[in-house]
Amino acid sequence: MNQIDVSLVDWSRAQFALTAMYHWLFVPLTLGLGLIMSIMETIYYRTGDEKWKRTAKFWMKLFGVNFAVGVATGIILEFEFGTNWSNYSWFVGDIFGAPLAIEGIVAFFLEATFIAVMYFGWTKVSKRFHLASTWLTVGGATLSALWILVANAWMQYPAGMGFNPDTVRNEMESFWAVALSPMAINKFFHTVISSWTLGAAFVAGVSSWYLLKKREKVFALDSIKVAVLVGITGIVLSWVTGDGSGNQVAEKQPMKLAAMEGLYDGGNGVGLVAAAILTPGKQYNDSQDPYIFKIEFPKMLSFLANRDFNSFVPGINDLVKGGYSTPDGPALSIDQKIEKGKIARAALAEYSVAKKANDTERAADAKQRLEANFDHFGYAYFNSPADAIPNVPLVFYAFRVMVILAGFFLLLFIVVWYYSAKNKFANTPWLQWVCLLSIPLAYITSQAGWIVAEVGRQPWAIQDILPVGAAISNISAASVKLTFFVFLILFTVLLIAELSIMLKQIKAGPEKIDEGNEGY
Amino acid sequence: MDYSFYQHYWWFLVSLLGALLVFLLFVQGGQSQIYTLGKEKRELDLLFNSLAKKWELTFTTLVTFGGAFFASFPLFYSTSFGGAYWVWMLILFSFVIQSVGYEFMNKQGNFLGNKTYKLFLFLNGALAPILLGAAVSTLFFGAEFVVQKDNLASGGMPVISSWQNALHGLEAVGNLWNVAFGVAVFFLSRSLGGLYFINNIQDEGIRKNSRKHLLYNAVLFLLFFLPYLINLLLKSGLAENATTGVIAEESYKYFSNLLANPWILVLLLVGVVLVLYGFIRSVFSAKFIYGIWYAGPGVVLVVLSLLLIAGFGGTAYYPSLVDAQSSLTIANSSSSLFTLKAMSVVSLLIPFVLAYIWYVWRALDKK
């Protein structure tokens with residue numbers, strides 16, 4: 001019998017992670033910078049002051065450079081669902097494909113059409129039409145994020161669907177349950193709003209560079225005023241929506257939460273780990289202390305997870321062994337879930353045979369067993385509980401990096417806002433340096449968040465229903481390895497080109513008011 | 001309206017998107033002949049700037065075409081993309097390098113140099129039409145794959161769609177008809193590119209050159225396309241028996257589909273007339289600049305009609321060359337009725353989308 005090639009799964013994951021992480025270098029800046037430049041153009045529209053047009057146009061130039069590479073990496077992602085995850089595409093395509101199609105129809109054309117007006121339309125359309133086009137470009141990008149995040153949230157919390165054994169796939173039963181699931185809404189706001197923070201950090205950092213160089217003082221201070229307002233709004237709301245995310249993860253993906261905390265043995269009144277070093281090589285079934293050292297906020301994890309300081313939070317070992325109380329009764333162990341998954345899978349096979357033999361009674365019986373155990377269908381592909389546990393150190397440290405840096409940015413934007421409001425920012429070089437050096441930190445925060453979300457949910461492509469190992473295409477690992485390196489080289493070259501162009505554009509600074517430079 | 005209606009409706013929409021994509025390949029056709037049509041820097045700038053305002057529409061249509069195909073016929077997405085891996089990867093690669101070309105090529109510090117990005121655009125202009133054409137041709141001439149949904153219940157290899165050769169799509173060039181169609185689409189895109197330049201750029205030198213090369217490209221297009229079309233109408237196809245569900249070969253299947261759906265035949269004939277009118281008048285009339293507005297819609301109608309006869313009438317729109325019963329039809333590869341209905345509501349936005357694209361296009365082309 002053919003077996004899944006483990007290296008194929010690994011290379012397919014690596015390729016998707018590579019594409020997604022490169023894509024995610026560009027998307028947050030598109031969303032964040034897009035909002036900021038739209039606000040700037042709105043100020044220009046309302047005041048008629050040419051300096052705001054000049055300011056908006058400068059940031060639009062950087063937006064365009066960034067947008068191009070975002071588009072390049074985005075198209076690969078969409079098609080990789082088919083090229084590298086073909087089983088996934090069939091098994092859940094009935095649900096997952098719809099947001100992708102809606103994204104194309106509703107969002108992509110909006111941004112692709114109006115971005116042309118944004119760049120080429122300054123002298124061809126009215127000020128009002130141009131402003132609308134800028135907002136529609138950013139709105140299109142945000143709508144695009146909405147639909148792909150709806151799809152992503154559904155993978156983490158499958159809702160509004162049912163399995164059809166006749167077609168051997170999951171089928172949508174409620175569009176609104178998919179589109180408006182609490183996880184989708186929270187994920188959308190958290191992702192988009194945190195992107196505003198990155199955009200604000202970028203604008204504040206670049207503007208600070210001008211101040212350090214004693215160039216473009218008015219432009220830089222105006223830019224910082226807008227950026228800091230967007231930044232404070234973004235970071236405060238990111239904390240609020242991040243809390244919502246944590247609460248949902250506790251409810252729907254307890255294994256991810258346990259990995260985020262490095263929590264092996266849960267309990268009541270569990271503390272939130274503020275900082276720690278994990279014991280290298282720690283396994284779920286050994287007796288090593290998970291932490292070499294740790295500092296924690298007592299009972300906070302229980303509170304954040306369940307809004308109750310004394311509530312029970314399961315650790316990895318609890319999830320493996322089961323038996324603790326849940327609202328649905330005693331939790332199943334992973335072994336029990338594997339058993340149920342295998343019953344479901346065998347029932348599916350039997351259903352197929354019975355249908356072909358026109359044995360309706362046997363088919364009905366098999367279908368009943370399948371439906372009774374389908375919630376754990378994906379566990380059938382596991383051999384041991386270890387298969388159900390994500391990479392704990394990576395998720396744990398990525399979560400800490402994200403949270404610590406999010407705290408830093410909250411503080412930074414408050415300080416910048418204070419100095420800006422007191423008109424002291426221009427004379428505070430240390431703060432300008434901090435802003436400049438914070439640009440890469442914003443990207444690290446954003447990437448760390450993505451790692452928590454995506455590595456934390458491993459090994460699932462669809463939570464509990466389809467593990468990544470069963471979601472792949474039947475191609476050779478060597479083929480995927482080759483395309484992985486092709487994309488690695490290509491994306492790296494494009495990233496270098498993008499950075500190089502951006503640095504040149506920044507060095508050149510905003511154009512003179514009457515330059516009116518359009519086109520390529 | 002039953003399940004079959006929605007399946008056919010979505011096949012129509014996907015076909016329409018595919019047809020619009022072929023029309024919008026004028027961007028690629030333009031890219032592949034910029035240095036043929038322009039010599040001086042001023043001319044080259046005009047040509048690049050003209051395409052720079054439109055390339056995103058082609059790109060977005062490709063992405064939407066992929067998304068719509070995924071959403072409405074996920075088994076095709078799963079089977080073709082996961083199987084013909086190398087063809088789709090090459091297509092993607094060519095579009096990735098295009099997407100940075102316009103934005104980066106004239107920017108200082110672009111790292112690879114201006115000429116590299118122009119080469120990217122040329123490569124995309126040459127490769128994308130040929131590869132997309134060859135890939136579309138496999139909808140008629142088939143591919144080597146097997147679909148076994150029962151595999152999902154297997155403990156070993158759960159993947160349901162498997163390609164049956166190691167070339168993973170590259171073997172399509174072994175069928176000369178696929179190659180012919182790819183080449184036909186290449187010359188079609190160049191013809192449309194020429195028509196677009198004639199319409200969009202007010203420069204007598206470029207217009208004169210475009211008309212001259214339109215003649216060559218259009219003749220070469222017809223030389224490759226007409227034999228392909230005749231062969232298609234004469235060849236057999238796989239089709240599902242509505243009673244037994246068995247997929248078997250039927251003689252003159254595509255021609256029969258045309259006769260069974262006279263409105264598609266009308267679309268095809270009107271499309272051919274429009275294309276020929278757009279070509280011929282643009283070549284022979286030095287003042288006629290509206291050829292793109294005849295040939296463009298004509299191409300949409302011709303491609304739409306070809307794609308419709310590929311799927312309508314129970315035809316296997318993706319025939320398997322190794323296991324006829326694995327072939328994909330509209331009925332056996334579509335999304336569920338619920339999903340098709342939900343997406344049909346969203347599809348009502350398409351006229352609105354087309355309307356604002358048209359409005360913006362006109363606004364930007366104002367002199």
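The figures here come from the full heavy-atom set of this structure, side chains too, leaving out hydrogens, waters and symmetry mates. First the proteins, then the strands, lettered A, B, ... as listed; each starts at 1.
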Query raised in the report: Between Leu17(B) and chain A, which part of the residue has a heavy atom less than 4.5 Å away: side chain, backbone, both or neither?
Result: neither
Requested in this report: Name the region of Val92(A), side chain, backbone, both or neither, that has any atom closer than 4.5 Å to a heavy atom of chain B.
Outcome: neither
Query raised in the report: Under a 4.5 Å heavy-atom cut-off, does chain A meet the side chain of Tyr356(B), its backbone, both or neither?
Result: both
Report summary line: Applying a strict 4.5 Å limit to non-hydrogen atoms, the region of Ser161(B) in contact with chain A is backbone
Query raised in the report: Of the backbone (N, CA, C, O) and the side chain (C-beta and beyond), which part of Leu503(A) lies under 4.5 Å from a heavy atom of chain B, both, or neither?
Result: neither
Query - Euclidean distance, Leu90(B) CG relative to Thr483(A) OG1, rounded to 0.5 Å - result: 10.5 Å
Report task. Among Leu340(B), Thr61(B), Asn151(B), Leu152(B), single out the residue with the greatest number of heavy-atom pairs under 4.5 Å to chain A. Result -> Leu152(B)
Query - Output field: ring centroids Phe81(B)/Phe79(A) closer than 6.0 Å - result: yes
Query - Segment of Val353(B) engaging chain A (4.5 angstrom heavy-atom cut-off) - result: side chain
Report task. Measure Tyr359(B) against the heavy atoms of chain A and call it side chain, backbone, both or neither at under 4.5 Å. Result -> side chain
Query raised in the report: When you look at Phe175(A) and Lys341(B), which way does the side-chain contact (heavy atoms from CB on, under 4.5 Å) test go after all the steps?
Result: CA-CA 10 Å; Phe175(A) 177 79; Lys341(B) 270 187 182 175; over 6 Å; no
Report summary line: Bottom line for Gln505(A): the part with an atom under 4.5 Å from chain B's heavy atoms is side chain
Requested in this report: Check each atom of Phe377(A) against the heavy atoms of chain B and say whether the ones under 4.5 Å are side chain, backbone, both or neither.
Outcome: side chain
Query raised in the report: Of the backbone (N, CA, C, O) and the side chain (C-beta and beyond), which part of Thr73(A) lies under 4.5 Å from a heavy atom of chain B, both, or neither?
Result: neither
Query raised in the report: So which of Met172(A), Glu350(A), Lys342(A) has the largest heavy-atom pair count under 4.5 angstrom toward chain B?
Result: Met172(A)
Requested in this report: Mark yes or no for whether Asn87(A), through its side chain, and Pro158(B), through its backbone, hold a donor-acceptor pair below 3.5 Å.
Outcome: yes
Requested in this report: Please look at Leu75(B) and chain A and tell me whether the side chain, the backbone, both or neither of the residue comes under 4.5 angstrom of a heavy atom of that chain.
Outcome: both
Query - Structural part of Phe95(B) lying under 4.5 Å from a heavy atom of chain A - result: side chain
Query raised in the report: By a 4.5 Å heavy-atom criterion (distance strictly below it), what part of Val493(A) contacts chain B: side chain, backbone, both, or neither?
Result: both
Query raised in the report: Heavy-atom distance under 4.5 Å to chain A: side chain of Asp150(B), backbone, both or neither?
Result: side chain
Query - Check: Ser162(B) main-chain N/O paired with Asn474(A) side-chain donor or acceptor under 3.5 Å - result: no
Requested in this report: Ignoring hydrogens and angles, tell me if any N or O in the side chain of Thr60(B) forms a donor-acceptor pair with the backbone of Phe109(A) under 3.5 Å.
Outcome: no
Query raised in the report: Looking at Ile91(B), Val346(B), Thr64(B), Asn110(B), which makes the most heavy-atom pairs under 4.5 Å with chain A?
Result: Thr64(B)
Query raised in the report: CG/Leu62(B) to CD1/Ile75(A) distance, rounded to the nearest 0.5 angstrom?
Result: 4.5 Å
Report task. Against chain A, label Ser80(B) side chain, backbone, both or neither, depending on which of its atoms sit under 4.5 Å from a heavy atom there. Result -> neither
Query raised in the report: Would you find more than 12 non-hydrogen atoms of other residues, nucleotides or ligands less than 6.0 Å from Phe122(B) atom CZ?
Result: no
Query raised in the report: Any idea which of Lys504(A), Arg345(A), Met502(A), Glu111(A) has the most non-hydrogen atom pairs under 4.5 angstrom with chain B?
Result: Arg345(A)
Query raised in the report: Would Leu490(A) and Phe93(B) count as a side-chain contact (heavy atoms from CB on, under 4.5 Å) if you check the C-alpha gap in whole Å, the side-chain angles of each, and the deciding distance to 0.1 Å?
Result: CA-CA 9 Å; Leu490(A) 180 65; Phe93(B) 185 82; 3.7 Å; yes
Query - Atom group of Ile115(A) that falls short of 4.5 Å from chain B, counting heavy atoms - result: side chain
Query raised in the report: Is the NZ atom of Lys355(A) crowded by more than 12 outside heavy atoms at less than 6.0 Å?
Result: no
Query - Structural part of Thr79(B) lying under 4.5 Å from a heavy atom of chain A - result: neither
Query - side-chain contact (heavy atoms from CB on, under 4.5 Å) between Glu56(B) and Phe108(A), intermediate numbers included - result: CA-CA 10 Å; Glu56(B) 283 230 42; Phe108(A) 288 156; over 6 Å; no
